[in-house]
Amino acid sequence: MIKITFPDGTVREYEKGVSSLDIAKSISEGLARKILAANINGQVRDISRPVNEDATLQLLTWNDKDGKSTFWHSSAHLMAEAVESLFPGVKFWVGPAIDNGFYYDMDLEDKKMNEEDLQRLEKKMNELARQNNSYTRKEISKSEAIQYFANKNDPYKLDLIQGLHDGEITFYSQGNFTDLCRGPHIASTGIIKAIKLTSIAGAYWKGDEKNKMLTRVYGITFPSQKELDEYLLMVEEAKKRDHRKLGKELGIYTMDDDVGQGLIMWMPNGTVIIEELEKLAKETENEAGYKRVVTPHIAKESMYITSGHLPYYADSMYPPMEMDGEKYYLKSMNCPHHHKIYAAEPKSYRDLPYRIAEYGTVYRYEQSGELFGLMRVRCLHMNDAHIYCTKEQFNEEFRAVNDMYLKYFKIFGIEKYVMRLSLHSPDKLGVKYVNEPELWKETEIMVRKVLMESNIPYVEVMDEAAFYGPKIDVQIFSAIGREFTLATNQVDFSQGRSFKLEYTDQSNKSETPLIIHRAPLGTHERFIGFLLEQYAGKFPLWLAPIQVKVLPISDKFIDYAKTISQQLKNADIRAEVDDRQEKIGKKIRDTELMRVPYMLVVGEKEMSENNVAVRRQGKGDAGVKKMDEFLNEIKQEIKDRRAE
RNA sequence: GCCACUUUAGCGUAGCUGGUAGCGCAUUUCAUUCGUAAUGAAAGGGUCGCCGGUUCGAAUCCGGCAAGUGGCUCCA
């Protein structure tokens with residue numbers, strides 16, 4: 001007999017060799033029908049695998065992350081079976097489960113797949129699922145495995161097998177399809193009830209753009225049609241808050257072919273938001289002891305040689321302009337200009353920390369396929385600043401920057417983000433990263449310490465650092481699920497030396513300062529893109545392009561509406577009058593759709609007593625108020641910069 | 001940049017296998033002067049992304065280019 005320990009701590013005894021499925025059956029038939037996989041001593045396994053020793057066991061269902069991914073991984077195999085039957089001779093690479101479904105990479109050679117083929121594949125998959133074929137596991141020797149895929153003429157699987165050790169190779173089969181696979185899998189195809197193949201894409205073999213591009217098919221499956229329908233509905237809802245859609249609807253920004261790809265033009269409504277953000281940044285940075293600077297948009301080639309950005313980053317810079325034999329580049333970062341300001345006057349340790357800030361405009365020639373609405377553009381406005389400090393001051397300064405992030409995030413109500421400690425990769429020293437192994441080690445410890453002391457949850461990721469030092473990135477997800485760095489806080493132990501930046505220390509020696517690069521509000525482009533999605537277009541009052549719309553019941557009250565709006569404007573509140581000849585219902589509807597926070601309905605009753613009928617966007621009628629009372633309340637709400 | 005797909009009025013869209021374009025919203029005008037999410041009527045607006053080819057004839061078929069979308073790669 002063996003002892004099985006369940007997640008709640010209970011221990012039960014079973015015959016040696018019992019399967020997870022049998023164990024589930026011993027608990028309840030309902031559970032047995034629902035389990036997809038089992039976590040045995042920390043390893044996810046097929047439910048049919050025998051358990052031969054004492055173990056901790058968690059039975060995994062659709063509600064467990066590992067249960068879902070097993071289900072989706074098995075779905076990828078089912079899709080591969082369907083592909084093989086409709087595209088004979090196809091070669092497969094890998095087909096993992098992902099956060100939302102699965103994909104399979106394949107080489108169709110001279111054949112092509114289109115959207116209609118996805119329908120055919122779905123149909124075939126449904127047919128195969130209904131056959132309810134079992135997923136069967138088979139241990140196989142390396143030579144047999146090689147034999148099998150050599151016969152099948154599949155170079156990709158052979159490449160995978162090369163990396164595996166004899167004795168640890170397994171095949172999984174279902175129906176007519178056999179794949180090299182570590183598993184685990186669900187018991188049989190019949191429990192896959194709802195299938196949606198979502199897209200066809202190209203993907204480089206092994207993720208390397210020098211390699212051949214394979215065809216990747218994405219899909220998602222569910223144990224019931226209802227869940228698929230819900231998922232599809234959720235995707236539709238997410239699209240409604242896509243910043244590209246909202247940006248157009250709300251008149252935030254526009255682009256034009258004659259201006260160029262990825263070059264944003266901010267319309268009046270967007271410009272209001274930019275100016276409010278800058279106001280906030282300036283207030284916050286003044287308080288934190290920053291000084292403001294302004295620098296030009298171009299610089300000579302020599303500066304980017306000094307900074308180390310050329311020639312490595314030349315590809316992502318606009319090509320140079322030549323004047324009088326000199327090459328000038330559009331700046332793709334503000335740091336070198338700021339370093340020159342630091343260097344303009346000799347510094348003593350008494351001048352440090354030296355903090356200079358600028359909403360700097362930079363240009364990056366991003367590859368055309370990478371552009372994405374406001375999130376990835378070619379001209380961006382950075383909430384940039386550089387802090388030059390001593391090693392002793394570093395901890396406090398870096399931490400102050402982190403605290404500034406958190407303060408901002410509270411103002412904006414930003415909760416769904418991941419703090420990422422981005423570290424270098426030692427095997428890329430001298431290639432992607434400055435070759436200073438000791439300094440890397442030292443600064444990474446310093447940054448980690450700040451995070452730990454601030455008690456901020458974070459993840460550590462290798463090979464994501466800047467070339468000049470480690471950083472903390474704030475990762476967010478767009479409405480359609482793409483990941484972006486919203487804000488960044490970076491250490492730089494390298495550029496100080498490249499630019500020969502110095503300060504005189506207490507003992508009259510020259511020292512190189514450490515530099516902190518930081519952009520807590522990221523860029524206007526990405527930040528506003530993010531805010532549009534975060535608020536679904538409903539900006540908090542202080543950011544709203546139009547804060548109050550005054551809606552006269554009829555033409556007779558336009559003059560009164562104008563005096564109300566003028567009073568608001570006198571108090572620096574962004575107000576407008578809707579003087580169209582429309583019914584009040586229409587005016588309210590249009591104003592609601594434009595997400596204007598406050599509507600003031602005025603007619604006979606209000607005019608006679610200097611009142612306004614207040615309506616809050618999305619919340620309906622808020623009752624009649626004295627104009628003075630409303631004015632005081634709204635002024636306070638704007639001052640508070642509350643996130644709803 | 002690479003793979004696939006898409007591109008019809010300011011916006012959202014219809015247009016089967018080729019016979020030179022409709023609808024809704026928006027706009028303008030007129031009527032209406034209205035009490036909390038769409039008043040009615042009329043009018044204007046498109047060389048169907050651009051260039052070329054096939055054809056008696058192209059929004060529709062073919063090729064190239066551009067932009068956009070979904071991915072991949074990249075993201076100082």
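In the text below, chain A, chain B and the rest are named by the order of the sequence lines, each starting its count at 1. Remember, predicted model here, so these are calculated numbers, not experimental data.
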Verify the distance criterion only: is there a donor paired with an acceptor across the side chains of Y156(A) and D107(A) at less than 3.5 Å? yes

For Y560(A) and U33(B), what is the distance between atoms OH and C1' respectively, to the nearest whole Å? 19 Å

Please compare V602(A) and R364(A) by the position of their nearest nucleotide in RNA chain B and report the one closer to 5'. V602(A)

Mark this stacking check for Y468(A) against A76(B) as yes or no, applying ring centres under 5.5 Å and ring planes under 30°. no

Might you work through the side chain to side chain donor-acceptor pair (under 3.5 Å) test for R420(A) and Y458(A), ending with a clear yes or no? CA-CA 5 Å; R420(A) 183 178 81 184; Y458(A) 67 94; over 6 Å; no

List in chain and number order the residues that pass side chain to side chain donor-acceptor pair (under 3.5 Å) with K240(A), two or more places apart in sequence or in another chain; answer none if no residue qualifies. E237(A)

Using a 4.0 Å heavy-atom cut-off, does L551(A) contact any base of the nucleic acid, only the sugar-phosphate backbone, or nothing at all? nothing

So that I can tick it off, tell me whether E576(A) and K549(A) are bridged by a salt bridge, with the cut-off set at under 4.0 angstrom between side-chain N and carboxylate O. yes

For the side chain of Y204(A), counting heavy atoms from C-beta on, which of G70(B), A76(B), G1(B) is nearest? G1(B)

Categorize G585(A) for me: base, sugar-phosphate, or nothing, with a 4.0 angstrom heavy-atom threshold over every strand shown. sugar-phosphate

Under 4.0 Å between any heavy atoms, over every strand shown, what does E483(A) touch: base, sugar-phosphate, or nothing? Just pick one. nothing

Describe the nucleic acid contact of R378(A) in one word from base, sugar-phosphate, nothing, applying a heavy-atom distance below 4.0 Å. nothing

Establish, with yes or no, whether the OP1 or OP2 oxygen of G71(B) is under 4.0 angstrom from a side-chain nitrogen or oxygen of R482(A). yes

Per the atom types in the model, does the base of A37(B) pair as donor or acceptor with the side chain of T591(A) at under 3.5 Å? no

Nucleotide U27(B), atom P - distance to CG of D590(A) in whole Å: 8 Å

May I ask you to say what S307(A) touches in the nucleic acid, namely base, sugar-phosphate or nothing, with a heavy-atom cut-off under 4.0 Å? nothing

Which part of the nucleic acid, if any, lies within contact of S368(A), taking any heavy atom under 4.0 Å across all strands shown: a base, the sugar-phosphate backbone alone, or nothing? base

Using Watson-Crick or G-U wobble geometry with both distances under 3.5 Å, which nucleotide pairs with G63(B)? C51(B)

N-O pairing of D154(A) and K91(A) below 4.0 Å: no

Closest to the K556(A) side chain: C34(B), A26(B), A76(B)? C34(B)

Phosphate-side-chain proximity, R376(A) and G68(B), N/O vs OP1/OP2 below 4.0 Å: no

Within the structure shown, what part of the strands sits under 4.0 Å from E582(A) by heavy-atom distance: base, sugar-phosphate, or nothing? base

Between H338(A) and Y388(A), do the side chains contain a donor N or O and an acceptor N or O under 3.5 Å apart? no

Look at all strands and tell whether G207(A) reaches a base, only sugar-phosphate, or nothing, counting heavy atoms closer than 4.0 Å. sugar-phosphate

Looking only at the side chain of E370(A) (C-beta and beyond, no hydrogens), which of the listed nucleotides A76(B), G71(B), C74(B) gets closest? C74(B)

Under 3.5 Å, which protein N or O atoms sit close to an N or O of nucleotides 4-8 of chain B? Give each pair with its distance.
from  : atom 1 : to      : atom 2 : distance (Å)
A4(B) : OP1    : K112(A) : NZ     : 3.1

5'-most contact on RNA chain B (nearest-nucleotide basis), Q495(A) vs Q367(A), goes to Q367(A)

Where the side chain of E209(A) is defined as all heavy atoms beyond and including C-beta, which of A37(B), U73(B), A67(B) is the nearest nucleotide? U73(B)

Across every strand shown, the nucleotide meeting Watson-Crick or G-U wobble geometry with A58(B) (both distances under 3.5 Å) is none

Under a 3.5 Å cut-off for both contacts, is C74(B) paired Watson-Crick or G-U wobble with anything, and if yes, with which nucleotide? none

